[in-house]
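Input: a single structure, listed below in structure tokens.
Treat the numbers as computed from the prediction; the structure is a model and nothing was measured. Index from 1, following the sequence.
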Amino acid sequence: MLDDNSIDLTGKFLIATPEIGDDRFKRSVILVCAHAEDFAMGLILNKPVEGLTLPTLLDQLEIPMTVSLPDYQVLDGGPVGKDRGFVLHSADFSCDSATMQVGGNICLTATRDALHAIASEKPPENAILALGYSGWGPGQIEQEIAENAWLVANIDQDLVFARSHESKWQQALDIMGITPLHLQSGIGHA
């Protein structure tokens with residue numbers, strides 16, 4: 001539970017600015033999936049794992065595929081827990097006690113049940129898979145926002161599930177009415 005002065009970032013985008021100072025997050029768009037007083041957790045939406053597609057990963061995990069799946073890229077969700085998978089999906093799929101509402105029509109499931117659903121004849125309408133996640137300790141994300149490392153924006157479901165990962169950062173800025181020139185590092189410093 002957040003205190004009365006905190007803003008719940010669950011279901012919000014974090015858009016990296018040039019002030020981020022960490023190359024792992026350069027030009028990242030993160031969907032915050034959970035935010036409480038002592039932690040925050042989110043998934044990077046625009047950094048694919050090089051050379052890893054959904055069908056390849058499902059095959060490696062021995063998840064039977066009853067349908068032919070497109071070669072969607074698996075995302076690098078962040079630097080924490082790289083051996084864990086997280087599926088962001090539409091609310092038309094749910095797994096009892098394992099699915100968490102993130103915002104709007106977007107849910108998160110981190111069990112193999114979601115992978116089995118994706119590989120079935122009745123998959124969620126929308127789904128993306130990420131390996132790893134981005135995590136923050138108590139007050140850390142709030143401090144980074146105060147230091148202008150992140151812009152906070154409302155969720156856009158189309159952007160979450162878009163397959164054009166290389167343009168998501170620009171699209172997120174466009175939604176906010178901001179151009180990259182607005183984000184020039186060092187402007188206004190004497």
Report the C-alpha distance between Trp136 and Glu144 in whole Å, list the side-chain angles of each, state the deciding distance to 0.1 Å, and finish with yes or no for side-chain hydrogen bond (donor to acceptor under 3.5 Å, both in side chains).
CA-CA 10 Å; Trp136 295 268; Glu144 290 178 13; 3.1 Å; yes

Tell me, do Gln171 and Ser164 make a side-chain contact under 4.5 Å, heavy atoms counted?
yes

Decide side chain to side chain contact (heavy atoms under 4.5 Å, CB included) for Lys168 and Leu159; before the verdict, give the C-alpha distance in whole Å, the side-chain angles of both, and the deciding distance to 0.1 Å.
CA-CA 7 Å; Lys168 283 185 179 180; Leu159 183 65; 3.7 Å; yes

Polar side-chain atom of Arg112 near backbone of Leu61 as donor-acceptor pair, under 3.5 Å
yes

Euclidean distance, His116 NE2 relative to Cys95 SG, rounded to 0.5 Å
10.5 Å

Quick check: closest heavy atoms across Ile44 and Gly78, and the distance to 0.1 Å?
CD1-CA, 3.9 Å

Phe93 side, atom CZ; Asp113 side, atom CG - distance, nearest 0.5 Å
5.5 Å

State, to 0.1 Å, how close Leu43 and Met41 come at their nearest heavy-atom pair, and which atoms those are.
CD2-CE, 4.1 Å

Any side-chain heavy-atom pair from Pro79 and Tyr133 closer than 4.5 angstrom?
no

Looking at every non-hydrogen atom in both residues, tell me the closest pair between Pro55 and Asp71 and how far apart they are.
CG-OD1, 3.6 Å

Considering non-hydrogen atoms only, spot the tightest contact between Phe86 and Ala110 and give its length.
CD2-CB, 3.8 Å

Have Thr109 and Thr99 got a donor and an acceptor in their side chains that come within less than 3.5 Å?
yes

Side-chain (Thr53) to main-chain (Tyr72) donor-acceptor, under 3.5 angstrom:
no

Any side-chain heavy atom of Ile145 sitting closer than 4.5 Å to one from Leu9?
yes

Nearest-0.5 Å distance that lies between atom CE in Met65 and atom OG in Ser120
12.5 Å

Please examine the side chains of Pro124 and Ile118, heavy atoms only from C-beta on, and report whether any two atoms are closer than 4.5 Å.
yes

Please name the pair of heavy atoms, one in Ile155 and one in Gly103, separated by the smallest distance, quoted to 0.1 Å.
CD1-O, 4.1 Å

Point-to-point distance, once rounded to the nearest 0.5 Å, from CG of Leu129 to CG of Leu52:
8.0 Å

Student check: side-chain heavy atoms of Gln73 and His165 closer than 4.5 Å:
yes

Working to the nearest 0.5 angstrom, can you tell me the gap between Lys122 NZ and Thr66 OG1?
11.5 Å

Side chain to side chain contact (heavy atoms under 4.5 Å, CB included) with Leu14: which of Ile141, Leu31, Ile20?
Ile141

Please round to the nearest 0.5 Å and tell me the distance separating atom CG of Asp156 and atom CD1 of Ile175.
3.5 Å

If I compare all heavy atoms of Trp169 with all of Ala16, which pair ends up nearest, and what's the gap?
NE1-O, 2.9 Å

Give a yes or no on whether Val74 and Val80 share a hydrophobic cluster (residues Ile, Leu, Val, Met, Phe, Trp, Tyr; joining criterion: side-chain heavy atoms under 4.5 Å apart).
no

Is the closest side-chain heavy-atom distance between Asn126 and His89 below 4.5 Å?
no

Ile128 and side chain to side chain contact (heavy atoms under 4.5 Å, CB included): which single residue from Val87, Leu54, Leu45 fits?
Leu45

The test is side chain to side chain contact (heavy atoms under 4.5 Å, CB included); show your working for Cys33 and Thr10 and say whether it passes.
CA-CA 5 Å; Cys33 299; Thr10 304; over 6 Å; no

Does atom CD (Glu50) have a neighbourhood of more than 12 heavy atoms from anything else shown, all under 6.0 Å?
no

Is it the case that one hydrophobic cluster holds both Ile63 and Val49, taking links as side-chain heavy atoms less than 4.5 Å apart, direct or via other members?
yes

Please walk me through it: do Asn46 and Ile30 pass side chain to side chain contact (heavy atoms under 4.5 Å, CB included)?
CA-CA 8 Å; Asn46 62 328; Ile30 295 179; over 6 Å; no

Decide yes or no on side chain to side chain contact (heavy atoms under 4.5 Å, CB included) for Lys47 and Leu75, but give the supporting numbers first.
CA-CA 6 Å; Lys47 307 255 179 176; Leu75 298 176; 6.0 Å; no

May I ask you to decide whether Asp76 forms a salt bridge with Lys82, counting only side-chain N to carboxylate O separations under 4.0 Å?
yes

